[in-house]
2 protein chains.
Amino acid sequence: MKLSTKGRYGLRAMVDLALYSEKETVSLSSIAARQDISEAYLEQLMAKLKKAGLIISSRGAQGGYQLARPADTISVGDILRALEGDLDAVKCPGLSAEGCQTGDLCVTKYVWKKINESITDTVDEILLGTLVKESKKAREKHSTISEKKNIRESCSAKKEK
Amino acid sequence: MKLSTKGRYGLRAMVDLALYSEKETVSLSSIAARQDISEAYLEQLMAKLKKAGLIISSRGAQGGYQLARPADTISVGDILRALEGDLDAVKCPGLSAEGCQTGDLCVTKYVWKKINESITDTVDEILLGTLVKESKKAREKHSTISEKKNIRESCSAKKEK
DNA sequence: GCATAACCAAGCAAAATGGTTGGAATTAAA
DNA sequence: TTTAATTCCAACCATTTTGCTTGGTTATGC
C-alpha cells in the first residue's frame, strides 16, 4: 500500500521541470542534481513520462526536457499513473463486471471501490500548476528567512528513508 | 500502490467471521473453506487480527474465533491497519515535522498528505457492521434468484488473479 | 568533429509477497 | 484417559517487485 520511489521521485522531477523549463529546456542531469536522484534511474522515469505524453525532449547538445503542455492542464494523477501504472489499490474482477454478488464473498468489493475512488479523486484534483505556484511562494518566503536561520541544513540531513 | 492479499483476504475473513460467529465460535478451517483461502496462510492473518485486539480465540476442540467487540465498533481501517500496518501511501520525513519547506524540494509533501488523508478517511468511515448488513441483504436477494439462474458458478470461476 | 545531451537494453542485489512445512500446546468430548 | 480438533508458533522458501547500475548507441549544436 505504498507509493514507490517512481511516483515520489517522478513527481518531484515534474515540479522541478515545471519550475525551470518555462523558457529553455532542462537537462536530465540538472534535475537529478537539484533533486538528488540518480541520473540513470531518473532517466527511466523520464522515459515513462515522455511515453505518457506529459513531457517532450530534444536530443543532442543543449537538449533537454520541457513540459508537453501547461502545468495547469497536468494533474498529479496524470503523473502518478504514468509512473506507477494503474493507481487502483485493489483490482477485483467483480469491480467493473456484474458478477460476485454472492453474499459475503464479495461485499468487500464495495470497500475496494471506495478506496480506489478516493485516491483517484484526490490525485486528479491536484494540478501541477498549483504545486508550482506553492513552490514559488514557499521559495520567496524562505529566502527572506534563510539568512538568519539555516533551515536548509536540518532539512537535507533528513534523507528520505 | 496495491493492497496486498493480507488486507484483501483478512477483510473477507472478518466479514465471514462477523456473519457466522454471532453465537458460537468459528473455526479457522471453516472460514478458510468458505472464503477459499489457504488455512496456513489465513492463520497468520488471524494472528495479526488477534494481536490488534479485533478478535478473540478459544483453543482446543470446539474452539475457534469470535469478534472481540460488536461489528459496528470495528472499522475497515482498524482491520486493514492490523493486517497491512500503516496505511500511509507515502512516508515523508517532512510530513509530521516542520522541516523541508525549502521550495521545490518538498511541495510534494502536500500531495502525499492529501492522499494519506483520503485513504484514512474512507477506510475509517466504513464499519464492519455495515458490510455485514449489506452482505445479509445481498444473500437474501440472491437466494430468491439462485434457483433459476446459477450466478454462483460464473462468479467462482473468476478466481482472483 | 567533439562535447553534450537523450535514448536503450540488460543485469542485479535486496526486499517484499504469498505462501508452505512441521510441529507443539490446549481442550472438549468419546 | 485417550483422541480428535483446534489454536499457536517458528521457520523456511520460491517468486516477484523494487530500486537501482552498467555499458553502451544515437542525435545535435557549436
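So that the names make sense, note that chain A is the first sequence line, chain B the second, and so on, each numbered from 1.
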Five pairs per end, C1' atoms only: what is the angle between the end axes of the helix from C:dG1-D:dC30 to C:dA30-D:dT1, to 10 degrees? 0°

Using side-chain heavy atoms (C-beta onward) and a distance below 4.5 Å, is A:Asp78 in contact with A:Arg69? yes

For A:Leu28 and D:dT26, give me the distance from atom CG to atom P, rounded to whole Å. 20 Å

Of the nucleotides D:dG29, D:dT21, C:dT17, which one has an atom closest to the side chain of A:Gln62? D:dG29

So, OP1 or OP2 of D:dT21: does either fall under 4.0 Å of a side-chain N or O from A:Ser38? yes

Given atom CD of B:Glu43 and atom P of C:dT21, what is their separation to the nearest angstrom? 13 Å

Rounded off to whole Å, could you give me the NZ-to-C1' distance for the A:Lys6 and D:dG19 pair? 7 Å

At under 4.0 Å, does any side-chain N or O of B:Thr5 touch on OP1 or OP2 of C:dG18? yes

Contacts of B:Gln44 and B:Glu39 projected onto DNA chain D by closest heavy atom; the upstream (5') one is B:Glu39

Side-chain donor/acceptor contact of B:Arg59 with base of C:dT27 under 3.5 Å: no

So, does B:Tyr65 get its side chain near the phosphate of D:dC8, meaning an N or O under 4.0 Å from OP1 or OP2? yes

OP1 or OP2 of D:dC20 versus the side-chain N and O atoms of A:Tyr9: is any pair under 4.0 Å? yes

Charged N to carboxylate O under 4.0 angstrom, B:Glu22 versus B:Lys136? yes

Using whole Å, what does the distance between atom P of nucleotide C:dG18 and atom CG of B:Leu3 come to? 10 Å

Indicate yes or no: does A:Arg81 engage A:Asp124 in a salt bridge with an N to O separation below 4.0 Å. yes

Within a strict 4.5 Å, meaning less than it, do heavy atoms of the A:Ile37 and A:Arg12 side chains meet? yes

Atom NZ of residue position B:Lys2 - does it have more than 12 heavy atoms of other residues, nucleotides or ligands inside 6.0 Å? yes

OP1 or OP2 of C:dC7 sitting under 4.0 Å from any side-chain N/O of A:Lys50? yes

Over how many whole Å does the gap from A:Asp36 atom CG to D:dC20 atom P extend? 11 Å

How many Å lie between CG on B:Leu45 and C1' on D:dT7, as a whole number? 15 Å

Any donor and acceptor pair, going by atom type alone, linking the side chain of B:Glu84 with main-chain N or O of B:Ser4 inside 3.5 Å? yes

Taking only the side-chain nitrogens and oxygens of A:Ser57, find out if one of them lies under 4.0 Å from OP1 or OP2 of C:dC7. yes

Any luck finding a side-chain donor-acceptor pair between B:Ser58 and B:Tyr65 under 3.5 Å? no

Could you say whether B:Ala61 or B:Ala40 is positioned toward the 5' end of DNA chain C, judged by the nucleotide with the nearest heavy atom to each? B:Ala40

Euclidean distance, atom NZ of residue A:Lys51 to atom C1' of C:dA9 [Å, nearest integer]: 14 Å

Please tell me if A:Ser4 has a side-chain N or O lying less than 4.0 Å from either OP1 or OP2 of D:dG19. yes

If I take atom OH in residue A:Tyr41 and atom C1' in nucleotide C:dC12, what distance separates them, rounded to the nearest angstrom? 14 Å

Would you call A:Lys133-A:Asp72 a salt bridge at under 4.0 Å N-O? yes

